[in-house]
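Numbering of residues begins at 1 and proceeds along the displayed sequence. Every value quoted in this text rests on a predicted model; they were computed, and no experiment measured them.
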Amino acid sequence: MDFVNMMSSISVSICFFIFCCFSFSFQSADCVLKSNETDQLALLEFKAKVTRDPLHVLSSWNYSRHFCQWKGVTCSPRHQRVTALLLPSLLLQGSLSPHIGNLSFLRVLNLKNNSFRDEIPQEIGYLFRLRILKLGNNTFGGEIPDNISHCVNLESLGVGVNELVGKVPGKLGSLSKFRNQSVRSNKLSGEIPSSFGNLSSLEVLSAAENQFVGQIPETLSELKRMRYISFGANKLSGEIPFSIYNLSSLSDFHFSFNQLHGSLPSDLGFTLPNLEVLNVGGNQFTRPIPTSISNASNLMRLIIPKNGFSGKVPSLENSHKLEWVSIRGVQNPIRSVQSIRSTESDPYKSDPWIGNGEKDDLEFVNSLVNASRLELLAFNINNFGGMLPEAVGSLSTQLKILSVENNQFFGNIPSGLRNLVNLELLHLGDNQFKGQIPGTIGDLLKLQRLTLQGNKFLGEIPPSIGNLTLLTTLNFGENMLEGSIPSSLGKCQNIALLDLSNNNLSGTIPTEVIRLSSLSIYLDLSQNQLNGPFPSNFGVLKNLGVIDISENKLSDDIPNSLEVALGLNNSS
């Protein structure tokens, strides 16, 4: 009997255990079903807020298939919970449903490059598993929800190129896993939160084109992993804390177009050995460009125009990777007696020009001949003197932009300039160049803008200018050119602005030039010695904004076609 009772007891226990297992299994299945239903309903609510779907991306979002098979939806294989919603660049319009917060297993939300509007819902803060949030390039408005700080696993936040306003929440400084933050191109205001210094994992901070004010917090120097920092086109003032220049991991340094002042540290090239981009243009920096910049062998873009730098440009011979060099000066600087006197204690304080007007000012150009990637070289509106060195002709054939206008250069155009076969913009105006315009200028077949105005060029306009069929702008005004206007200009079928004014040109106005229907901005042939009758085909220029042919020796009355081009009538 004891044995029978024992076996009976064991049987009851086994049955109870099996019952419990089945019961737990059913409860688990029921829980999964309810969780799945929550995700499905959240997705359908998301779809309901999409008002336009021209690519029919969401047409698969219906009950005929499991939601894990819907386009843009990624689920976990085990529990079938939504872990990613990936719908970038699909022309979607509408608003973001607050039900997005019910996707509690969501790790990635990517809706960038669409047309979502209205506010980012506060319910985003419920997604504590979220790692990547990409909402950039939409039209979201309102403020950045401060409870995004509840997304403790967030690594990347991209809300750039929207219409967000207000301050950046200081609470975001609590996100210890943050590596990438982009809030650029919005209408954000206020000061940069000092709490950002707590984001020890932050590598990218992009906040350009907003309305940030105040000073740059020194706490940013605690971001030892920072590679990219950008606060260009804001309203920041004061000096950049020197401690930020000690972030040796920095490769991209963008603070252009603010109201910053001070100087660049003399050891910048040593403290930022990984520097690839230095962009501080459009501020109020003074004193010389640090010579240590030559130590930054990885430098690709040196962009420091429109400041008050002075002295000489240091050698760049170690910067073989350079692509852009822009050190343009300030337009029309005004030097008062008071500002000149102030230089007695600090000779760099108020002189806004680089260069000393001497022949050795351009030694740095010689150091650029090994920069095989160079595409842009602009040092216009400064005080450089001497002759443009022959080394210009040995610069990279990748060069597309060469701008040296508004300096004190004299002499002839270097003969080697013809080697720069990929030039698209060549600006040599407002200097003291002389001699003839070389016929080899016609070898630069990719030129789109050519400006030589305000110099002392002599002789005739070379007929080879007609080879430049991509030209949109040609300005030879205010020189000493003579001879006739070459009819070969009629081949420049893309030209929109033509200025040959204030020279000694003679002969008739070629009909080939007047036939250029592309002329739509400006045609100035004034103050020359042009003679003969008015061309009869001026009517083709009816889309031209300005025509000036005054102070010449043209005969006959204004033809009716010119009256039409000028918008006149016979009675006016």
Roughly how far, to the nearest 0.5 Å, is [atom2] of [Y] from [atom1] of [X]?
| X | Y | atom1 | atom2 | value |
| --- | --- | --- | --- | --- |
| Lys321 | Ser372 | NZ | OG | 11.0 Å |
| Phe231 | Asn210 | CZ | CG | 9.0 Å |
| Asn552 | Leu525 | CG | CG | 7.0 Å |
| Asn494 | Ser518 | CG | OG | 6.5 Å |
| Lys134 | Lys112 | NZ | NZ | 4.5 Å |
| Leu220 | Met226 | CG | CE | 6.5 Å |

Quick check against the 3.5 Å criterion: does [X] have a side-chain atom that pairs as donor or acceptor with the backbone of [Y]?
| X | Y | value |
| --- | --- | --- |
| Asn380 | Gly329 | no |
| Ser326 | Ile303 | no |
| Asp524 | Leu498 | no |
| Asp443 | Arg418 | no |
| Asn283 | Asn258 | yes |
| Asn307 | Pro305 | yes |
| Asn370 | His320 | no |
| Thr508 | Pro510 | no |
| Asn503 | Asn479 | yes |
| Asn246 | Ile244 | no |

Side chain to side chain donor-acceptor pair (under 3.5 Å), that's the test. Do Asn186 and Glu163 meet it? Break it down for me. CA-CA 5 Å; Asn186 280 285; Glu163 298 178 3; over 6 Å; no
Could you tell me which non-hydrogen atom of [X] sits nearest to which non-hydrogen atom of [Y], and how far apart they are?
| X | Y | value |
| --- | --- | --- |
| Leu420 | Leu399 | CD1-CD2, 3.9 Å |
| Pro462 | Pro438 | CG-O, 4.0 Å |
| Leu388 | Pro414 | O-CG, 3.4 Å |
| Ser292 | Asp267 | OG-C, 3.4 Å |
| Met387 | Gly411 | CE-CA, 4.1 Å |
| Phe379 | Asn407 | O-ND2, 3.1 Å |

Between Phe253 and Tyr228, is the gap from one ring center to the other below 6.0 Å? no
Would you check if [X] and [Y] make a side-chain contact, meaning some heavy-atom pair closer than 4.5 Å?
| X | Y | answer |
| --- | --- | --- |
| Asn419 | Thr397 | no |
| Leu470 | Leu445 | no |
| Leu523 | Asp548 | no |

Candidate pair Leu402 and Leu425, rule side chain to side chain contact (heavy atoms under 4.5 Å, CB included), full reasoning: CA-CA 6 Å; Leu402 177 61; Leu425 279 75; over 6 Å; no
Apply side chain to side chain contact (heavy atoms under 4.5 Å, CB included) to the pair Ile293 and Leu299, showing each step before the final yes or no. CA-CA 9 Å; Ile293 196 72; Leu299 192 64; 4.0 Å; yes
If the threshold is 4.0 Å, N to carboxylate O, is there a salt bridge linking Glu203 and Arg227?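 A salt bridge is present here (some side-chain N lies under 4.0 Å from a carboxylate O).
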Do the charged groups of Glu323 and Arg301 touch, with an N to O distance under 4.0 Å? yes
Yes or no on side chain to side chain contact (heavy atoms under 4.5 Å, CB included) for Leu260 and Ile240, after CA distance, side-chain angles and deciding distance? CA-CA 7 Å; Leu260 301 168; Ile240 297 177; 4.0 Å; yes
Going by distance alone, is a donor N or O of one side chain under 3.5 Å from an acceptor N or O of the other, for Asn113 and Asn137?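 Checked: Asn113/Asn137 side chains pair up, N/O donor to acceptor below 3.5 Å.
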Between Gln398 and Asn422, do the side chains contain an N or O donor and an N or O acceptor separated by less than 3.5 Å?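 Checked: Gln398/Asn422 side chains show no N/O donor-acceptor pair below 3.5 Å.
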Take atom NZ of Lys312 as the centre, draw a 6.0 Å sphere, and report whether it contains more than 12 heavy atoms from other residues, nucleotides or ligands.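 For Lys312, atom NZ is crowded (more than 12 foreign heavy atoms under 6.0 Å).
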Counting only heavy atoms not in Lys235 (residues, nucleotides, ligands), do more than 12 fall under 6.0 Å from its NZ? no
Could you walk me through whether Phe410 and Phe433 satisfy the ring pair (Phe, Tyr, Trp, His ring centres under 6.0 Å) test, starting with their C-alpha distance in whole Å, then the side-chain angles of each, then the deciding distance to 0.1 Å, before giving a yes or no? CA-CA 4 Å; Phe410 57 84; Phe433 288 113; 8.8 Å; no
Can you check side chain to side chain contact (heavy atoms under 4.5 Å, CB included) on Ile495 and Thr472, steps first, answer last? CA-CA 4 Å; Ile495 199 161; Thr472 61; 6.0 Å; no
